[in-house]
Each structure stands twice: as structure tokens, then as C-alpha cells.
Protein chains: 2
Amino acid sequence: MLLSKSCVYGLRASLFLASNQNSEYVSIKELSKQLDISFHFLTKILQQLTAVDLLKSLKGPNGGVRLSKPGDEITLLDVVVAIDGDDLFQECVLGLPGCGREKPCPLHNIWAATRGDIREMLETNNLLDMAKKGKEGNLRITAKGDFEWV
Amino acid sequence: MLLSKSCVYGLRASLFLASNQNSEYVSIKELSKQLDISFHFLTKILQQLTAVDLLKSLKGPNGGVRLSKPGDEITLLDVVVAIDGDDLFQECVLGLPGCGREKPCPLHNIWAATRGDIREMLETNNLLDMAKKGKEGNLRITAKGDFEWV
DNA sequence: AATATTTAAGACAAGTATGTCTTAAATATA
DNA sequence: TATATTTAAGACATACTTGTCTTAAATATT
């Protein structure tokens, strides 16, 4: 699996928030219901995004979470790294410590290129574009068939 | 993590065996020692490769495992799919069941391209080439500093 | 045939990721 | 100020991956 489940859930929630252009707070309860993700688990994941200032949170009535900046200023990579870390883009594909240009493994070169492709894919796409694409095309970001963008 | 640890161990062992051009049986004990991988764990992993006929095994004295065909006829993808399955190349990056051209998620197109890159990378490189590269360049396929190709 | 060696198979243990539940802290609203 | 609502934090449970150990089956060698 490329991304952990936590990461996938974080991405889906972030896309949902990005579709909310006016940046109103959305409660995690609402998010968890729309996205069909366990409330408490999602809460913990979004806390990680709040911790690195990708999200802002507000406690109390009408509280919730929202993107901390416009959706086109947050890349998919930002979310992925916040949750899964940058191991995927740093580590050797054979798991060898210290694998790099000076002390490579046999797969280093080919993997470095592919790793770069993955990174670039995530870095050149932002939350707003993806949310727009989803909203306009009426595409799902959850397994449920009855998902609706806000 | 792109590949599971089992998969990485399987790849490393396969590369080691591929460097053994003459296709002699190598005991798993020897492999586990050279590659610094738990003997019993490696045994189980290699059984998976034997099960899909990528390896041949022989019990008893002077027994062990060897590639079932020339190293240039086994791609990295063969080994990866045998151990981790083809989920990585089939599944939606957001984990949505049924995500595909007809019923895509917003990330489907960009992910499908990247997924293809990964697959191509693994498919166009075979064990022999990688083993040769490692042997000729005196590159490691284990964390140990004193690793030696046979 | 007997023995030593080696893979096969499966039970079991440890570690990590995922998911649930309870309590605390903050805040809008009345 | 009191109350209801909501995120924060952490304990706990479950599932899966990784790793260990024991016994069985096969086979080369003597």
C-alpha cells in the first residue's frame, strides 16, 4: 500500500474541506458521517494536520476544522507528508540505511527516478484543483454511492 | 512504505540467487546469514516464491533454493507481485472500491499514470541485470557493511 | 537402512497500524 | 454564569505484519 489508511482518510477529509471554498468550520462529526470514517479515528488524524498548521480547529458549538489557507496553496504532498512522513521519498526501496548516491543499492537509480515521479505527482496537484475536479465531475471520495459534495 | 518487509527480503534473496549464474542450490541458512535476515522468516517468504515457481527448492544435504529460470527472465515485478500481490497496481490511491475509468475518484487519472510508472520500473528490470549491477559495482543488498557477492 | 541435513508447515509471540471509548478542555450561545 | 457542543488527549481493544520456535517431511550420503 502506497499510503497508510490514516493518510487516505486525511486526504479525503482535506479534499472535502477544500470544496468548501468559503472556509467555514465543518465539524468532524459531519465529516466522519459524510466520508464514512470512524469519528474518533478521524479526529486523531485531523489533529495531526492541525498540529502542522494545515488545518485550523475551533472547539465549541459551530466549531470544527477548516483549511488554514486556500486550497490551492496546499498540495497533496503536504497532507501525505504530514501524516505518513517523508519516508516514502527518502528511504531506499530495499530498506537499506544510508542508501544514496555515494553508497547506493543496485536498485537505487531506478527507484530514485520513480520515487521522484510519485513525489512530483503529489506536489503538482493541490487540494482545490482535485476538489473542483471531484465536485464538477460528481466523483466520489468515499466508498458510499450516495456521497454528495457540499 | 511501497513494499512490505517480506517483499524486500524476498527481493534481496532473489538478487543474491541471481548473482549465482550457475544455478546451484543455496541453503536458506546461508542466505539468511549473508543477508542478515531471520532464517525462519526468510524460509516462509521464499516458500511463497517457490509456490509460484519463481524458485525451485531441494530438501536434504546440499539442498536449498535457486531460481527456477535464468535471472534475466524474472522481473522485479514478478517477485513483488508474488509476495505483495498486485494491489499496488490495481487499487485506488484513496482506497475506493470500484474506482476505475468509469467510476473514478478525483485522483484516479494522476494516480493511474504514476502507478503505471512504478509498474513499468519493476517490469523492465530483471533480477540478473540488477544482480550484475550490484556485483560489478560492489554494491550492498543488505544493511551490513561487509556484504560480499558470491 | 541409518543418519544428518535441509525445506515445509504451523503454532505462537511481539510489534505496529487501525479502531473504539472515556474524560478533559475550550467556546459559542442563551 | 450555566449549558450544550465540539476538539484534544489518552487509555484501551482489535487486526495485521513481522519475527521466533518446534515438529514433520524429504533426501543425499554413508
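Numbered from 1 within each chain, the chains take letters A, B, ... in sequence-line order.
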Asker: Between T114(B) and D117(A), does any side-chain donor sit less than 3.5 Å from a side-chain acceptor?
Answerer: no

Asker: Whole angstroms only, please: what is the CG-C1' distance between D36(B) and dG19(D)?
Answerer: 14 Å

Asker: Does K29(A) NZ have over 12 foreign heavy atoms under 6.0 Å away?
Answerer: no

Asker: Answer with base, sugar-phosphate or nothing: what part of the nucleic acid does Y25(B) contact at a heavy-atom distance below 4.0 Å?
Answerer: nothing

Asker: Does L58(B) reach a base, just sugar-phosphate, or nothing at all? Heavy atoms under 4.0 Å.
Answerer: sugar-phosphate

Asker: With a cut-off of under 6.0 Å to the ring centre and 45° to the axis, is R66(A) in cation-pi contact with Y25(A)?
Answerer: yes

Asker: In whole Å, what is the span from the NE2 atom of H40(B) to the C1' atom of dT17(D)?
Answerer: 18 Å

Asker: Go through the side-chain N and O atoms of T75(B) and D78(B) and say whether any donor and acceptor fall under 3.5 Å apart.
Answerer: yes

Asker: When you measure from the centre of the six-membered ring of F147(B), is the NZ or CZ of R140(B) closer than 6.0 Å and no more than 45° off the axis?
Answerer: no

Asker: Is K5(B) close enough to dG19(D) that one of its side-chain N or O atoms is under 4.0 Å from OP1 or OP2 there?
Answerer: yes

Asker: Heavy-atom distance under 4.5 Å between the side chains of I83(B) and L11(B), does that happen here?
Answerer: no

Asker: Measuring to OP1 and OP2 of dT27(D), would you say a side-chain N or O of N62(B) lies under 4.0 angstrom away?
Answerer: no

Asker: Check the distance between dC16(D)'s C1' and I83(B)'s CD1 and give it to me in whole angstrom.
Answerer: 17 Å

Asker: Earliest and latest nucleotide of DNA chain C, 5' to 3', sitting under 4.0 Å from a non-hydrogen atom of chain A?
Answerer: dT18(C) to dT29(C)

Asker: Would you kindly give the CD1-to-C1' distance between I28(B) and dT27(D), to the nearest whole Å?
Answerer: 15 Å

Asker: Does F41(A) or K29(B) map to a spot on DNA chain C nearer the 5' end, using the closest nucleotide for each?
Answerer: K29(B)

Asker: Output the rounded distance in Å from NZ (K44(B)) to C1' (dT20(D)).
Answerer: 8 Å

